[in-house]
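Notes follow once the structure below has been shown.
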Amino acid sequence: MTVTANERLGLAPTDPRPASETTPAADRTETNPLFGDQKMKLGLFGTNCSYGLIMSHAPSTYEITWAHTKEIAQRADRLGFDVLVPVARWKGFGGSTNFNGNCFETYTWAAGIAEATERIAVAATSHLPTMHPIVAAKQATTVDRISGGRFALNMVMGWVPPEMEMFGSEQREHDERYAYGQEWLDFVTKLWTEEGTFAIHSRYFDAELLEAYPKPHQGPRPALLNAGNSPSGIEFSARNVDFNFASLDTLENIKAYTDKVKSKARDDYQRDIHVMTYGLVVCRDTEEEAKRAFQQVVDLGDWGAAGNVIKIAGSGASQSFDHAVKEMQERFIAGWGGYPIVGTPEQVTEELGKLNDAGMEGMIFGLIDYNEELKYFGERVMPLLEEAGLRH
């Protein structure tokens, strides 16, 4: 039996901690807008990475500077958006853009954005194999305390082999990634919720005399997100997370998917789960202008980077993009494989309503020019969403 450092050095045990260290400060339904009552929640996706959600040289003022990403976040906050979700990247996808390669690390990004905003939920996206649970739990708690309970953790199992090789290890087989992810999350959850010291002895982790103070601001724990759409991903989401993000192609498939995920969570785990989607929104005064802007993204696309993404996804590294690999390669260029909405303010409102009717409770999206197009979205689309009863 291993002798612990406490035993070897004869250290005094930790006395029971006060409630201020062991108890969350507030219920998350009171602090985190992801649990608010907006019928169709709205968020921005990828504002911490170069080119956002478009693999294209289409003209844009968007840039990866702290001033610019902060301005986008503050504008979304003022407009009443519900969440900001960053993309976790350790290595770009090559090509002429090196898509997403110039980026901010997401926990520290979230800490800065949390301090710079007032209401909006702020997520960190974490590749679980690259982040030890003890470090992740402490970083998440710190951001949650900074934000006053607005933090969300978007968990990614790791799906890009070149990134995993940067950390000196081979990527695990697909389903094993989720087995690891379950143990990782169980570890983090205990650090967030356990009052005293505890031990972890499992397949992937072995640790004694664990403790973590303070606990997160929001209770019982921060919001959890996951974008797994494979059978293993759906199982993981249904069992654990609050929001599943789905990459889907048609409204019919969206309806079937949302029904499946919600039923599995309810029937197998006696819990509720919310489902959201993502994609590129291109909104202009006329349908012709919107389609022209969308087509320009495609025409000026970085097909080298897109080809690399497609090869990685098609190799079995991810099962969440199977439909896009086979049928809709343009969606990687214009929207990272997500659901595109292209049209006038009225058409965008209508499409968001259709997604909501199909079971989607929100959408996180990219824009060709986040900061400038957010102004237009706020002026022209938000009032229509209120009129349609999708927002208030």
Side-chain angles (χ1 to χ4, degrees), residues 20 22-48 70 72-88 106-126 136-156 185 188-189 191-193 212 214-227 237-245 261-262 265 271-278 356 360-365 385 390-392:
S20 61
T22 62
T23 306
D27 189 291
R28 61 187 185 170
T29 60
E30 299 172 357
T31 65
N32 195 321
L34 277 170
F35 300 104
D37 61 356
Q38 294 288 0
K39 186 177 181 183
M40 187 65 173
K41 293 180 172 62
L42 297 177
L44 293 181
F45 190 22
T47 62
N48 68 309
K70 183 171 73 170
I72 293 168
Q74 290 174 330
R75 190 176 304 282
D77 192 28
R78 289 194 300 271
L79 287 175
F81 274 48
D82 301 287
V83 64
L84 297 164
V85 181
V87 172
T106 67
Y107 285 94
T108 45
W109 175 89
I113 294 298
E115 178 63 23
T117 54
E118 297 179 358
R119 178 197 165 275
I120 197 166
V122 182
T125 298
S126 190
K138 180 64 73 176
Q139 290 183 157
T141 295
T142 302
V143 181
D144 199 46
R145 289 280 170 171
I146 291 169
S147 68
R150 293 181 285 127
F151 179 71
L153 181 62
N154 180 28
M155 296 175 289
V156 179
L185 178 57
V188 166
T189 300
L191 289 164
W192 282 340
T193 58
K215 302 308 180 187
H217 184 96
Q218 60 182 305
R221 55 160 174 72
L224 297 178
L225 320 176
N226 177 250
S237 284
R239 178 178 177 179
N240 299 291
V241 309
D242 303 295
F243 290 85
N244 175 268
F245 288 100
V261 173
K262 291 181 179 183
R271 59 187 303 274
D272 293 323
I273 188 172
H274 306 282
V275 185
M276 296 174 68
T277 192
Y278 74 92
N356 192 252
M360 287 296 170
E361 297 165 79
M363 182 176 192
I364 55 173
F365 55 88
L385 292 172
L390 294 168
R391 303 280 301 179
H392 60 76

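Within the 4.5 Å cutoff, no side-chain heavy atoms of Gln139 are placed close to those of Val143. Using a 4.5 Å heavy-atom threshold, the side chains of Leu79 and Leu42 count as separate. Within the 4.5 Å cutoff, the side chain of Arg75 has no heavy atoms near those of the Leu44 side chain. Counting only heavy atoms from C-beta outward, the side chains of Thr125 and Trp109 never approach each other to under 4.5 Å. Two residues are said to be in side-chain contact when any heavy atoms from C-beta on lie closer than 4.5 Å; Ser126 and Thr106 fail this criterion.
With values rounded to the nearest 0.5 angstrom, His392 atom NE2 is found 4.0 Å from Gln38 atom CD. To the nearest 0.5 angstrom, Thr108 atom OG1 is 10.5 Å from Ile113 atom CD1. Taking CD1 from Ile364 and CZ from Phe81, the interatomic distance works out to 12.0 Å, rounded to the nearest 0.5 Å. To the nearest 0.5 angstrom, Met360 atom CE is 7.5 Å from Asn244 atom CG. To the nearest 0.5 Å, atoms CZ (Arg150) and CD (Gln218) are separated by 10.5 Å. Going from atom CG of Leu153 over to atom CH2 of Trp192 covers 5.0 Å, rounded to the nearest 0.5 Å.
A side-chain donor-acceptor contact under 3.5 Å links Arg271 to the backbone of Asn240. The backbone N or O of Val275 lies less than 3.5 Å from a partner atom in the side chain of Glu361, making a donor-acceptor pair. The main-chain N or O of Ala114 is never found under 3.5 Å from a side-chain atom of Ser147 such that the two would form a donor-acceptor pair. Under a 3.5 Å cut-off, the side chain of Asp242 and the backbone N or O of Ala223 do not form any donor-acceptor pair. Judged purely by atom type and a 3.5 angstrom limit, Asn32 uses its side chain to pair as donor or acceptor with the backbone of Phe151. In this structure a side-chain-to-backbone donor-acceptor pair under 3.5 Å is present from Asn356 to Lys39.
Shown here for Arg119 and Gly80, the closest heavy-atom pair between the two residues is NH1-O, 3.4 Å. Here the closest non-hydrogen pair linking Ser237 and Ile273 is O-CD1, 3.3 Å. Closest non-hydrogen pair, Thr31 versus Gly149, comes out as OG1-O, 2.8 Å. In terms of heavy atoms, Pro220 sits closest to Arg28 at CD-NE, 4.0 Å. Heavy-atom minimum distance, Val85 versus Leu225: CG2-CD1, 4.3 Å. Heavy atoms only, all atoms of each residue included: Leu224 and Met155 are closest at CB-CE, 4.1 Å.
Classified by interplanar angle (parallel below 30°, tilted 30° to 60°, perpendicular above 60°), the ring pair Phe35/Phe243 is tilted.
Within 6.0 Å of the NZ atom in Lys70, the count of heavy atoms belonging to other residues, nucleotides or ligands does not exceed 12.
With 3.5 Å as the limit, one finds no donor-acceptor pair spanning the side chains of Thr117 and Asp77.
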